[in-house]
A.B. asks: 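Pasting a structure below so you can have a look.
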Amino acid sequence: MSAADQYREWLGRFPAEPADRMATALAAIEAFEACERKPDLAEADLQPLVAAATSTHKRVVETGCKLLVQLALRHPAARECLLQMARSKDAAARFHAVAYLHGELPETLRLEIVGLALRDRSAKVRKKGIERAEQFRFRGFLPLLQEMERMESHAGVRASLDLHLPLLRDGYRLQPAGSGQGYYLTVRGPNSLGGPFIPNEKYSDEFVRQEVARLQSAL
């Protein structure tokens, strides 16, 4: 089954979805199919995908963003659309641009979009930028993140920094338990984020190093 048909099948599971939303999502799928057949893309070819990707409705956004990103893996015009979204006046578009970034997209594009997100006026976008900087291991953003740690006033953004900054800087986060009985270790592996509780009787620097090494390949 083609990617376009997979999304048609998925959307068909939601018969109660309003007709106008469904029309926007289906138009994005049709545009994606047409774009797949073309060696070169123009901005006009991608507008139905951008319209879906910048929607505020979850299923429409899922369809538009994921198909636009698939095209961006091969076509510079689609990458430019993502960059324009990251610079949009609309906060939802800026959030979607960073939230749907794929690790196989060119690093230069990811760096630019994450950098814009980290400086965004929306706390929601900044939070996602912090998460993406850590997920992509963009250590070049460490000075900016450390400056944000000193200056940021939004509680949610500060919480994101508290989690993701040590993961990027040190490769793990070690948080003392409120009970005083041990530490919570958090590590990002190839597929997920997690880690164990380490009771005081097991804790040592060497034990932490071994656990970090194990989890970085196992999670």
Side-chain angles (χ1 to χ4, degrees), residues 61 65 69 72 79 82-83 85-88 90-200 202-219:
V61 170
C65 283
V69 166
R79 295 171 202 160
L82 290 173
L83 192 54
M85 286 170 57
R87 293 171 172 161
S88 172
D90 178 54
R94 300 196 308 273
F95 177 77
H96 298 157
V98 69
Y100 285 89
L101 275 180
H102 193 287
E104 293 182 10
L105 287 168
E107 185 174 277
T108 52
L109 176 68
R110 288 182 286 133
L111 282 167
E112 186 160 4
I113 291 177
V114 170
L116 289 167
L118 291 174
R119 298 172 176 88
D120 202 275
R121 59 185 178 274
S122 163
K124 183 178 180 181
V125 177
R126 292 199 303 279
K127 284 175 60 178
K128 184 56 69 172
I130 293 164
E131 178 184 329
R132 287 308 205 195
E134 181 263 308
Q135 286 177 333
F136 294 139
R137 295 179 170 84
F138 286 161
R139 291 180 57 84
F141 286 122
L142 278 172
L144 175 57
L145 293 169
Q146 289 164 343
E147 178 67 16
M148 291 173 70
E149 187 178 39
R150 290 190 293 271
M151 304 297 293
E152 181 63 56
S153 60
H154 188 279
V157 179
R158 290 194 62 80
S160 186
L161 286 163
D162 184 57
L163 172 61
H164 294 288
L165 178 53
L167 285 170
L168 180 60
R169 182 188 60 224
D170 307 321
Y172 64 93
R173 177 180 183 262
L174 196 63
Q175 181 73 10
S179 63
Q181 296 180 351
Y183 300 84
Y184 293 101
L185 177 65
T186 305
V187 177
R188 183 174 296 283
N191 302 303
S192 63
L193 187 69
F197 174 75
I198 303 174
N200 287 330
K202 284 190 174 182
Y203 175 82
S204 70
D205 290 346
E206 180 59 27
F207 183 82
V208 170
R209 282 194 292 270
Q210 290 174 357
E211 281 294 282
V212 169
R214 180 181 68 83
L215 292 166
Q216 283 177 338
S217 60
L219 283 172

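The chain is numbered in sequence order, starting from 1.
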A.B. asks: Side chains of Glu211 and Tyr172: closer than 4.5 Å at any heavy-atom pair?
C.D. replies: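 The answer is no; the side chains never approach within 4.5 Å.
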A.B. asks: Give me the atom names and distance for the closest heavy-atom approach of Glu107 to Phe138.
C.D. replies: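 That would be CG-CE2, 3.9 Å.
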A.B. asks: Are the side chains of Arg173 and Tyr184 in touch, meaning some heavy atoms are under 4.5 Å apart?
C.D. replies: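 Side-chain contact under 4.5 Å: no.
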A.B. asks: Go through the steps for Asp120 and Val98 under the test side-chain contact (heavy atoms from CB on, under 4.5 Å), then give the verdict.
C.D. replies: CA-CA 11 Å; Asp120 202 275; Val98 69; over 6 Å; no
A.B. asks: List the steps and the verdict of side-chain contact (heavy atoms from CB on, under 4.5 Å) for Phe141 and Leu111.
C.D. replies: CA-CA 9 Å; Phe141 286 122; Leu111 282 167; 3.8 Å; yes
A.B. asks: Evaluate side-chain contact (heavy atoms from CB on, under 4.5 Å) for Arg87 paired with Leu116, printing each intermediate quantity in order.
C.D. replies: CA-CA 8 Å; Arg87 293 171 172 161; Leu116 289 167; 3.8 Å; yes
A.B. asks: To the nearest 0.5 angstrom, please state how far the OG1 atom of Thr186 sits from the CD atom of Gln175.
C.D. replies: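 Going from the OG1 atom of Thr186 to the CD atom of Gln175 covers 8.0 Å.
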A.B. asks: Restricting to non-hydrogen atoms, name the atom on Phe197 and the atom on Ala177 that form the minimum distance, rounded to 0.1 Å.
C.D. replies: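 Scanning both residues completely, I find the closest heavy atoms to be CE1-CB, 3.7 Å.
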A.B. asks: Considering only heavy atoms from C-beta outward, does the side chain of Leu215 approach that of Pro196 to under 4.5 Å?
C.D. replies: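 Yes, their side chains come closer than 4.5 Å.
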A.B. asks: A side-chain contact here means heavy atoms from C-beta on lying under 4.5 Å apart; do Leu165 and Asp170 qualify?
C.D. replies: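 When only atoms from C-beta onward are counted, Asp170 and Leu165 do not touch, as no gap falls below 4.5 Å.
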A.B. asks: Mind checking ring-ring contact (aromatic ring centres under 6.0 Å, His included) for Tyr183 and listing every partner two or more places apart, or none if nothing turns up?
C.D. replies: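 Per chain and number, Tyr183 pairs via ring-ring contact (aromatic ring centres under 6.0 Å, His included) with Tyr203.
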A.B. asks: Quick one, Arg94 and Lys128 - any side-chain contact, counting heavy atoms below 4.5 Å?
C.D. replies: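 With C-beta onward as the side chain, the pair stays apart.
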A.B. asks: What residues, two or more places apart in sequence or in another chain, satisfy side chain to side chain donor-acceptor pair (under 3.5 Å) together with His164?
C.D. replies: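 Side chain to side chain donor-acceptor pair (under 3.5 Å) check on His164 returns Glu134.
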A.B. asks: Specify the closest pair of heavy atoms between Cys65 and Met85, including all atoms of both residues, with the distance to one decimal.
C.D. replies: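 The answer is SG-CE, 4.5 Å.
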A.B. asks: Ignoring hydrogens and angles, tell me if any N or O in the side chain of Arg126 forms a donor-acceptor pair with the backbone of Ala117 under 3.5 Å.
C.D. replies: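 No, because the side chain of Arg126 does not come within donor-acceptor range (under 3.5 Å) of the backbone of Ala117.
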A.B. asks: Ala93 and Asp90: which non-hydrogen atoms are nearest, and at how many Å?
C.D. replies: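 Heavy-atom minimum between the residues: N-OD2, 3.0 Å.
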A.B. asks: Donor-acceptor pair, distance only, cut-off 3.5 Å: does the side chain of Arg110 make one with the backbone of Phe136?
C.D. replies: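 Answer holds: no.
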A.B. asks: Distance check, rounded to the nearest 0.5 Å: Arg209 atom CZ versus Ser204 atom OG?
C.D. replies: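 Here the rounded value is 7.5 Å.
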A.B. asks: Would you say the side chain of Tyr100 lies within less than 4.5 Å of the side chain of Leu82, judging by non-hydrogen atoms?
C.D. replies: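 Of all side-chain heavy-atom pairs linking Tyr100 with Leu82, none is under 4.5 Å.
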A.B. asks: For Gly129 versus Leu118, what's the shortest heavy-atom pair and its separation?
C.D. replies: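 In terms of heavy atoms, the two residues are closest at C-CD2, 3.4 Å.
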A.B. asks: Hey, what do you get for CD1 (Ile130) to CG (Leu167), rounding to the nearest 0.5 Å?
C.D. replies: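 Atom-to-atom, Ile130:CD1 and Leu167:CG are 12.5 Å apart.
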A.B. asks: Among Glu147, Met148, Glu152, which one satisfies side-chain contact (heavy atoms from CB on, under 4.5 Å) with Arg150?
C.D. replies: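 Of the listed residues Glu147, Met148, Glu152, the side-chain contact (heavy atoms from CB on, under 4.5 Å) partner of Arg150 is Glu147.
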A.B. asks: Gln216 versus Val212: any side-chain heavy-atom pair under 4.5 Å?
C.D. replies: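 They are in contact (side-chain heavy atoms under 4.5 Å apart), so the answer is yes.
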A.B. asks: Taking all non-hydrogen atoms of both residues into account, name the closest pair between Gly180 and Asn200 and its distance.
C.D. replies: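 Answer, listing the atom of Gly180 first, then Asn200: O-ND2, 2.8 Å.
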A.B. asks: Rounded at 0.5 Å granularity, tell me how far CD1 in Ile113 sits from CZ in Arg79.
C.D. replies: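 These two atoms lie 11.0 Å from each other.
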A.B. asks: Under 4.5 Å between any side-chain heavy atoms of Leu163 and Glu131, yes or no?
C.D. replies: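 The answer is no; the side chains never approach within 4.5 Å.
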